[in-house]
Structure formats: C-alpha cells, structure tokens
Amino acid sequence: MATMKLHGNPMSPASMRVAAVLFEKELDFEFVTIDMRNSEHKKEPFLSLNPFGQVPAFEDGDLKLFESRAITKYIAHEYADKGTQLIVTNDSKKMAIITLWLEVEAQQYDQAASKLLWELHFKPLFGIPTDPKVVEENESKLSSVLGIYEKRLSETKYLAGECFTLADLHHLPTLHFLMLTQVKKLFEPLPRVSAWVADITARPAWSKLLIAEAEQSRASMATMKVHGNPFSMAAMRVTAVLYEKDLDFQFINIDMMNGEHKKEPFISLNPFGQVPAFEDGDLKLFESRAITKYIADAYAEKGTELIRKNDPKKMAIIGLWLEVEAHQYEQPAAKLARELHFMPLFFGIPSNPKVVEENEAKLSVVLGIYEKRLSESKYLGGECFTLADLHHLPTLHFLMMTPAKKLFEPLPRVSAWVADISARPAWLKVIAMLKN
C-alpha cells in the first residue's frame with residue numbers, strides 16, 4: 001500500500017503539479033479525490049489537512065503538507081535518487097539557477113497564466129461569462145513573460161539548463177489548459193518557446209498523468225461511490241458487480257488501519273462502522289450483499305446479466321445459491337481467510353489451529369455439495385454466471401493463497417468453476433485495485 005496520499009481534484013492545476021512530480025519520480029501514491037462541487041475542500045476532514053481549504057494536500061507517512069510548490073520541492077529533495085532528477089543536490093550554482101526559474105514561474109508566469117486559465121477555460125465550464133478586460137490585460141503580461149522565455153531558451157534547452165528540471169515541470173498544468181484556449185496564439189510566433197512546450201508536454205510521465213487524471217475525472221463525475229478498502233472482501237464483492245455491469249463509480253479508500261471506518265464521516269454512512277458503504281445519488285446503502293443485489297436489479301440491462309428478473313423460477317434458484325453462499329459457505333470460508341491470510345500477513349498474529357481445523361471441516365462439507373451441484377450445471381445458479389457465483393470471489397481469491405487450497409484440489413468440478421470465475425475480466429480489474 002502506498003504511504004503517500006495526494007488529496008486533490010483531477011481538474012486542479014495545483015493537484016496536477018504534484019502528481020506530475022510523483023509520476024516523474026515513479027513513486028506509488030494514492031490519489032484521494034476531493035469533490036469540490038460539493039465543497040469537500042471547505043469541510044472536515046480536508047480542512048485538517050489544509051486549513052485554507054484549497055487543494056491539494058499531501059501525506060507521506062506522518063508528514064502532512066499543503067501548497068503544491070512546497071510539496072513538489074519536498075518530493076524532489078526527499079526522493080532525489082528516484083526517477084527523473086528534478087533538482088541538483090551537489091552543485092549550489094546549478095541549484096540556484098533552478099530556484100531562480102522556479103521563482104519566475106511562481107511570481108511572473110503563473111500570475112498571468114492562472115488568470116487567463118480561469119477566464120478562458122474554467123469560467124466557460126461553469127457557465128460564467130469571460131471578462132474581456134481581464135483577458136486583454138493578462139495576455140499582455142503573459143506575452144512579455146514569454147518573450148523573456150524565448151530569449152532564455154536561445155541559450156539553453158530548458159529554462160534552468162540543458163536538462164528538464166522542476167522549473168520546467170511547474171509550468172505543465174497551466175500550459176496544458178492554455179493550449180486549449182485562444183491564448184495558444186501567444187506561443188505560436190515564438191519558435192523556441194513552442195519547441196519547449198512541445199518537448200515537456202510530450203514527456204511519458206506527463207502522458208501517464210493525463211491518462212490517470214482522465215480516469216480520476218471520469219470516476220469523480222460518477223454518481224456512484226463505494227466507500228471501502230481494496231483488501232476488504234465485502235468491498236471487493238461490490239466493486240466486482242460494478243465492473244461486471246460496466247458502471248462508472250468512484251472508489252473512496254477508507255484507511256482502516258487508522259480507524260477511519262469507526263469515525264465520522266464514515267459512521268454517518270454505515271452506523272456499524274464496517275466497510276463498504278455505497279452511494280448512488282441520494283440513495284445510501286451498506287451491507288455488501290444488499291448493495292450488489294440493488295445494483296444487479298437497478299442496472300439489470302447494463303453489462304453482465306447477474307439476475308433473471310423476468311423468470312421467477314430461475315431467479316428462485318439464483319436466490320437459493322445466494323443464501324447458500326451467505327449462510328453455509330461464507331461462515332467457514334471467511335474465518336479461514338482471516339486465520340490463514342489476514343491475521344498472519346497484516347497483523348503478525350499466528351493462526352489458531354483449532355479454529356482452522358474446525359472450519360476446514362465445515363468448508364469441506366460445503367464444497368462436497370458444490371461438487372455435486374456443478375455436475376448438474378456449469379454454474380451454481382444455472383448455465384450462466386450469476387450473482388450467486390460472483391459473491392464467492394473475494395473469499396476464493398484469498399483462500400487460494402493459503403493451505404485451504406488443498407480442500408479444492410480433489411474436487412475437479414469445483415476447481416474448474418473456481419478457475420473459470422476467477423479469470424473473468426471484471427474480477428481481474430478488482431484484483432488490479434490491490435496493486436494500486
């Protein structure tokens with residue numbers, strides 16, 4: 001799990017500035033989307049991270065920072081040996097030149113560029129008319145700055161020398177958006193500035209950021225939100241259904257190690273303090289199986305058909321095996337996953353042999369019944385994959401990493417069923433979340 005967290009918004013240039021450094025440094029981090037439309041940046045818990053109520057905020061272990069340029073400088077220094085070298089640590093003169101152009105970006109370029117960005121890009125998005133006077137004034141200011149850049153870039157390939165540095169990187173977010181506006185005309189007569197813009201905006205790290213930000217933006221626009229933890233079997237059950245249904249959703253990570261599931265604002269979503277919780281517009285749900293059944297029913301026409309709404313008899317069979325999963329299979333399977341996987345791996349607590357033996361015996365009986373059922377139909381609920389099969393996936397995934405795997409091996413039909421449902425593309429997307 002990444003120790004670094006970037007709390008921001010995909011459309012925020014300041015958030016993008018920090019993310020760009022993290023991508024250049026090839027560092028793992030978690031992007032926590034702050035819903036600025038609903039003013040999450042002006043409320044707790046975000047205000048405890050940035051009292052000014054502005055994105056981004058940043059965490060690296062117990063270190064908490066805000067102000068994007070302070071964050072980027074910290075990352076560039078602290079992780080100087082990782083990825084792209086964005087500063088010079090062993091040459092005071094070269095570092096002084098980098099610092100000079102960092103200050104130029106912040107004090108000269110950004111003053112005009114950010115105002116133009118607001119007027120010509122963001123205001124139209126919000127349906128607010130542009131102020132021509134402000135545009136004219138700041139185009140003039142930016143033009144003067146770019147003229148100085150043109151001269152500087154006749155002397156060196158990049159602003160601070162012959163190598164790409166933090167001084168160049170800090171320009172990327174505003175440049176990206178300005179190139180989508182009429183301000184692009186200010187760059188066109190300047191060949192060296194134009195070449196520099198083309199160079200730095202083509203960097204692989206920046207391209208990765210734009211792809212990631214597009215995905216984050218798409219997720220942040222989704223009306224569905226899953227509040228959970230990627231390693232929670234219950235949360236995995238819900239995300240599996242959403243992926244099978246090809247539905248957009250935002251996954252909001254709940255830090256269970258720090259007890260976030262036992263505090264507000266999560267408790268207002270699930271008073272039992274257990275993940276996951278789920279939102280679809282104004283609907284709020286908890287209990288993973290209630291959530292999956294709602295999604296399968298409300299979005300029956302989307303993606304994989306997981307229930308049979310129009311056939312009561314087929315639906316009854318699916319309902320039967322959903323109950324078997326919840327009341328027969330899940331009881332021993334979850335206890336074994338906890339004893340054999342989660343307790344040793346996450347908490348360093350040895351397994352209880354008595355609990356393991358007792359629940360292996362119970363699960364073995366259940367799997368014997370499954371073997372017989374799967375001799376009659378390809379899947380538990382019939383000839384097609386349904387919610388009854390899907391609900392098993394999280395516990396199966398973790399059990400296959402433990403000695404409990406031996407219970408499945410003598411059962412050819414059960415083993416084939418496990419291999420089949422575990423290879424589904426939607427489930428592989430859920431597993432990929434564990435690696436982020």
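No experiment lies behind these values; they were computed from the predicted model shown. Numbering starts at 1 and runs along the sequence shown.
- Closest approach of Phe46 to Ala57, counting heavy atoms only: CE1-CB, 3.8 Å.
- The side-chain heavy atoms of Val104 and Trp101, taken from C-beta on, include a pair separated by under 4.5 Å.
- Side chain of Lys5 to backbone of Glu30: no donor-acceptor contact under 3.5 angstrom is found.
- Panel note: side chain Thr402, backbone Ala404; a donor-acceptor pair is recorded below 3.5 Å.
- Checked by atom type and distance alone, the side chain of Lys208 never pairs as donor or acceptor with a backbone atom of Phe23 at under 3.5 Å.
- If you run ring pair (Phe, Tyr, Trp, His ring centres under 6.0 Å) between Phe249 and each of Tyr299, Phe278, Tyr243, only Tyr243 comes through.
- With respect to the salt-bridge test (charged N to carboxylate O, under 4.0 angstrom), the residues Lys302 and Asp246 do not qualify.
- Heavy-atom minimum distance, Leu172 versus Ile200: CD2-O, 3.5 Å.
- Ring geometry for Tyr109 against Tyr149 counts as parallel: the plane angle stays under 30°, on a 0 to 90° scale with 60° as the upper cut.
- Side-chain contact between Val18 and Ile75 is present, with heavy atoms from C-beta onward closer than 4.5 Å.
- Ring centroid separation for the pair Phe398 and Phe231 does not come in under the 6.0 Å cut-off.
- Counting heavy atoms from C-beta outward, Arg424 and Glu244 have side chains that approach closer than 4.5 Å.
- Across Ser12 and Val55, no two heavy atoms sit closer than the pair OG-CG2, 3.5 Å.
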Validation: residues 326-334 side-chain donor-acceptor distances under 3.5 Å, sequence neighbours left out:
from, atom 1, to, atom 2, distance (Å)
His327, NE2, Glu323, OE1, 3.1
Tyr329, OH, Thr395, OG1, 2.8
Gln331, NE2, Ala326, O, 3.1

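- Scanning all heavy atoms of the two residues, the minimum distance from Ser194 to Phe187 falls at OG-O, 2.8 Å.
- Using a 4.5 Å heavy-atom threshold, the side chains of His261 and Asn229 count as separate.
- For Arg69, the salt bridge (charged side-chain N to carboxylate O under 4.0 Å, His left out) test picks out Glu105, Asp110, with sequence neighbours left out.
- A distance-only check finds a donor-acceptor pair linking the side chain of Asn9 to the backbone of Ile34 [under 3.5 Å].
- Side chains of Arg152 and Trp196 form no contact here, defined as non-hydrogen atoms less than 4.5 Å apart.
- Panel note: side chain Lys94, backbone Ile87; no donor-acceptor pair is recorded below 3.5 Å.
- The side chain to side chain donor-acceptor pair (under 3.5 Å) pairs that include a residue from residues 332-360 are Glu358-Lys362, where partners are two or more places apart or lie in different chains.
- Taking CD1 of Ile295 as the reference point, atom CE of Met224 lies at 6.5 Å (rounded to 0.5 Å).
- Using a distance-only test at 3.5 Å, with no hydrogens or angles considered, no donor-acceptor pair links the side chain of Thr130 to the main chain of Pro132.
- A salt bridge is absent between Glu137 and Lys133: the closest approach of a Lys/Arg side-chain nitrogen to an acidic carboxylate oxygen does not fall below 4.0 angstrom.
- Glu325 contributes no side-chain N or O that, together with a main-chain N or O of His392, makes up a donor-acceptor pair within less than 3.5 Å.
- Within the 3.5 Å criterion, the main-chain N or O of Leu306 finds no donor-acceptor partner in the side chain of Thr304.
- The closest donor-acceptor contact from the side chain of Lys263 to the backbone of Asn258 lies under 3.5 Å.
- The shortest heavy-atom contact between Leu159 and Leu153 is N-CD2, 4.0 Å.
- For residues 177-191, the side chain to side chain donor-acceptor pair (under 3.5 Å) pairs, not counting sequence neighbours, are Glu139-Gln182.
- Formation of a donor-acceptor pair under 3.5 Å by the Ser39 side chain with backbone atoms of Lys42 is not found in this model.
- A salt bridge links Glu279 with Lys284: the distance from a Lys NZ or Arg NE/NH1/NH2 to an Asp or Glu carboxylate oxygen falls below 4.0 Å.
- Residues passing the side-chain hydrogen bond (donor to acceptor under 3.5 Å, both in side chains) test with Asp62: none are found, sequence neighbours excluded.
- Glu119 is linked by a side-chain hydrogen bond (donor to acceptor under 3.5 Å, both in side chains) to Lys123, counting only residues two or more places apart in sequence or in another chain.
- Residues Asp35 and Lys225 are paired through a salt bridge, judged by an N-O separation under 4.0 Å between the basic side chain and the carboxylate.
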